[in-house]
Amino acid sequence: MMEKNNSKEDASMCLKSSQLEYLDKDIKSFGFGSFHYYILFICGSLIAAISISVTSVSFIIPAAQCDFQMTSVHKGILNGASMIGMFFGCFISGYMADSKGRKYTLVICMMIDGIFNLISSVSQIYPVLIFCKLMSGFGVSGITVFYSYLGEFVNSKNRKKFICWMELFWTFGVILLPCIAWIVIPQTFRIEYDFFLFRSWNLFAVICSLPSIIFSYLLLQLPESPKFLLTKGKRHETMDCLKFVYRWNNNTDDEFPVTSLMLPDCITEENNSFFNGLYNSILELFTSQYKVVAIITCVIQFCCTASFYMMVLWFPELMNRFRWYETLYSGPKNMTNMCDIVSLFKIEPEEIDLKCNDEIDQSVYENILIVGMACIPTSIIVPLFVNRFGIKFFLGMYIFKKKMHMR
């Protein structure tokens, strides 16, 4: 039975709970099988690609510091460039996901990330490198759309578990990154032609850009989210999507059991310009009935990720500074704390007759690898038990653990 009512209600209220239940039943009708594991693999691999993209700068900074003659301020700006891009890009990617489509947004975002990371690999001046990392961050801001895209293909019984499995792929990315860096960055080759210089860190940047481009192409082969298509009133496209998944899961050309869909009570058309729509979307985020939830979620996300990024992005640089202090500084080491060691680098190497050293100590790769492997148990436990204990339980445990560590 198809029902359609073109009212002017808010778009977020178009799909009522009863209609969502019908959609969930339609999703259940195409079964749970190989398609869901494949889409988890594609989305998870892109999450791992984002993990590699965001944290790769931690190895690029110490390896490229001599080429760009970077000071501590330069390194800090380079570390923060991708975060600034993510901050501004998240509003745009969120609006695009709701107006243009989940898959459309994800492909655009990941291609932006891959292409600008590729350009950064051959950048010869510091401002170009900063701009490329800024745009790369703009691209990876679409990471949250993966959870919507994947979740809208999975029935309510398996949705939370599947979304939580995505975290395991992020962990794989954190583990894979130091392995790639360990193999590539210590290489000593140099390709020079006039003003152009290509070294091991450039090759490392090229390799880190490839997963986003490759898996974006594979994502193109998958259908758009059925929920998004339904909210836009695209009945035929929604049916084609459901049939596609049904045939993949059941490996059959049998007729799809669902013959009709219940359309939303209201279907909104985008008549505004892109920027007007974006402005209204941001305004609604902080003025709608969900504003308190949105603010609380943002605060929790900030608290959960701030310490992680601070450690991972600065870890190789800090380890190199410790090594420099231990091997070259002749003062009373037992009387010096970490802040004093870090502040020693406020003095430029040229001022103390030191040659710029862009080598990364082997212990840096080992320690980053250990950090990534330490995340594996939690990344496995959470999806296995999330249906039993709930997401709030694990989030509360994480916040409690962080609070205990701060004491």
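Computed from a predicted model, the values in this text were never measured in an experiment. Nothing fancy with the numbering, it's 1 onward along the sequence.
Gly139 and Cys109 get closest at one heavy-atom pair: O-CB, 3.0 Å. For Val54 against Val57, the heavy-atom pair with the smallest separation is O-CG1, 3.5 Å. Annotation for Leu150 and Val154: closest pair O-CG2, 3.4 Å, computed over non-hydrogen atoms. What you find for Ser216 and Met111 is that their closest heavy atoms are CB-SD, 3.7 Å. Taking every heavy atom of both residues into account, Gly101 and Thr105 meet most closely at O-OG1, 2.8 Å. Pro211 and Cys208 get closest at one heavy-atom pair: CD-O, 3.6 Å.
With sequence neighbours left out, Phe385 forms a ring pair (Phe, Tyr, Trp, His ring centres under 6.0 Å) with no residue at all. Taking the ring pair (Phe, Tyr, Trp, His ring centres under 6.0 Å) definition, one finds that Tyr37 meets it with Phe32, Phe162, sequence neighbours left out. Taking the disulfide (SG to SG under 2.5 Å) definition, one finds that Cys298 meets it with nothing, sequence neighbours left out. Taking the side chain to side chain donor-acceptor pair (under 3.5 Å) definition, one finds that Asn202 meets it with nothing, sequence neighbours left out. Residues that satisfy the salt bridge (charged side-chain N to carboxylate O under 4.0 Å, His left out) test with Arg388, not counting sequence neighbours, are absent from this structure. In this structure Asn367 satisfies the side chain to side chain contact (heavy atoms under 4.5 Å, CB included) test together with Phe315, Met319, Ser363, Ile370, sequence neighbours excluded. With sequence neighbours excluded, the residues that form a ring pair (Phe, Tyr, Trp, His ring centres under 6.0 Å) with Phe59 are Tyr365.
Rounded to the nearest 0.5 angstrom, Ile119 CD1 and Met135 CE are separated by 9.0 Å. Once rounded to the nearest 0.5 Å, the distance linking CG of Leu229 with CD of Glu237 reads 6.5 Å. Between Ile296 atom CD1 and Lys291 atom NZ the span is 11.5 Å, to the nearest 0.5 Å. Remark: Leu134 CG to Met86 CE distance equals 12.0 Å, nearest 0.5 Å. Note: Ile125 CD1 to Ile130 CD1 = 11.5 Å, rounded to the nearest 0.5 Å. With values rounded to the nearest 0.5 angstrom, Asn117 atom CG is found 8.0 Å from Cys132 atom SG.
The number of heavy-atom neighbours closer than 6.0 Å to NZ of Lys160, taken from other residues, nucleotides and ligands shown, is above 12. For Gln124, the CD atom counts as densely surrounded, since its 6.0 Å shell holds more than 12 non-hydrogen atoms of other residues, nucleotides or ligands. Atom CZ of Phe87 has 12 or fewer neighbouring heavy atoms from other residues, nucleotides or ligands inside a 6.0 Å radius. Heavy atoms from other residues, nucleotides or ligands lying under 6.0 Å from CZ of Phe275 number 12 at most.
Leu40 is listed as a side-chain neighbour of Met166, based on a closest heavy-atom distance under 4.5 Å. Phe274 has its side chain within reach of Ile92: a pair of non-hydrogen atoms, C-beta onward, lies under 4.5 Å apart. With contacts defined as side-chain heavy-atom distances shorter than 4.5 Å, the pair Phe68/Ser123 qualifies. In this structure, the side chains of Ile61 and Trp314 stay at 4.5 Å or more apart for every pair of heavy atoms. Taking 4.5 Å as the limit, every side-chain heavy atom of Ser121 sits out of range of all side-chain heavy atoms of Ser209. Under the 4.5 Å side-chain criterion, counting only non-hydrogen atoms from C-beta, Val206 is in contact with Phe198. For the pair Glu317/Gln65, a side-chain contact is recorded, criterion being any heavy-atom separation below 4.5 Å from C-beta on. Counting heavy atoms from C-beta outward, Gln221 and Ile42 have side chains that stay 4.5 Å or more apart.
In this structure, Asn155 contributes its side chain and Asn158 its backbone to a donor-acceptor pair below 3.5 Å. Looking only at distances, a side-chain donor or acceptor of Ser93 sits under 3.5 Å from a matching main-chain atom of Cys90. No side-chain donor-acceptor contact under 3.5 Å links Ser281 to the backbone of Gly277. In terms of modelled atom types and a separation under 3.5 Å, the side chain of Asn249 and the main chain of Ser34 share a donor-acceptor contact.
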Please set out all donor-acceptor pairs under 3.5 angstrom arising from side-chain atoms of residues 169-178, sequence neighbours excluded.
| unit_1 | atom_1 | unit_2 | atom_2 | d |
| --- | --- | --- | --- | --- |
| Thr171 | OG1 | Glu167 | O | 3.2 |
| Thr171 | OG1 | Ser379 | OG | 2.9 |

For residues 179-191, dump all side-chain donor-acceptor pairs below 3.5 Å to protein atoms at least two apart in sequence or in another chain.
| unit_1 | atom_1 | unit_2 | atom_2 | d |
| --- | --- | --- | --- | --- |
| Gln187 | NE2 | Ile183 | O | 3.0 |
| Arg190 | NE | Glu192 | OE2 | 3.1 |
| Arg190 | NH2 | Glu192 | OE2 | 3.3 |

**OP:** Check step by step if side chain to side chain contact (heavy atoms under 4.5 Å, CB included) holds for Met110 and Ile50.
**Re:** CA-CA 8 Å; Met110 296 309 300; Ile50 291 175; 3.6 Å; yes
Original post:
Should Tyr309 and Asn79 be marked as a side chain to side chain contact (heavy atoms under 4.5 Å, CB included) after you check the CA-CA gap, both sets of side-chain angles, and the distance that decides it?
Top reply: CA-CA 10 Å; Tyr309 282 119; Asn79 255 333; over 6 Å; no
Subject >> Derivation and outcome, side chain to side chain contact (heavy atoms under 4.5 Å, CB included), residues Leu219 and Leu106 >> reply: CA-CA 8 Å; Leu219 181 62; Leu106 289 173; 3.6 Å; yes
Subject >> Check against side-chain hydrogen bond (donor to acceptor under 3.5 Å, both in side chains), Ser136 and Ser53 >> reply: CA-CA 8 Å; Ser136 171; Ser53 173; 3.2 Å; yes
**OP:** Begin from the C-alpha positions of Ile282 and Tyr95 and carry the test side chain to side chain contact (heavy atoms under 4.5 Å, CB included) through to its verdict.
**Re:** CA-CA 8 Å; Ile282 297 173; Tyr95 170 66; over 6 Å; no
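Sorted by first then second residue, the salt bridge (Lys or Arg N to Asp or Glu O under 4.0 Å) pairs that include residues 101-116, not counting sequence neighbours, are Asp98-Arg102, Arg102-Glu152. Residue pairs meeting the ring-ring contact (aromatic ring centres under 6.0 Å, His included) criterion with at least one partner in residues 96-151, sequence neighbours excluded, are His74-Tyr126, Phe116-Phe131, Tyr149-Phe153. Listed by first and then second residue, the salt bridge (Lys or Arg N to Asp or Glu O under 4.0 Å) pairs that reach into residues 50-72 are Asp67-Arg199, sequence neighbours excluded.
Between Phe244 and Trp248, the ring planes are perpendicular. Angles over 60° get that label, and only those under 30° would be called parallel.
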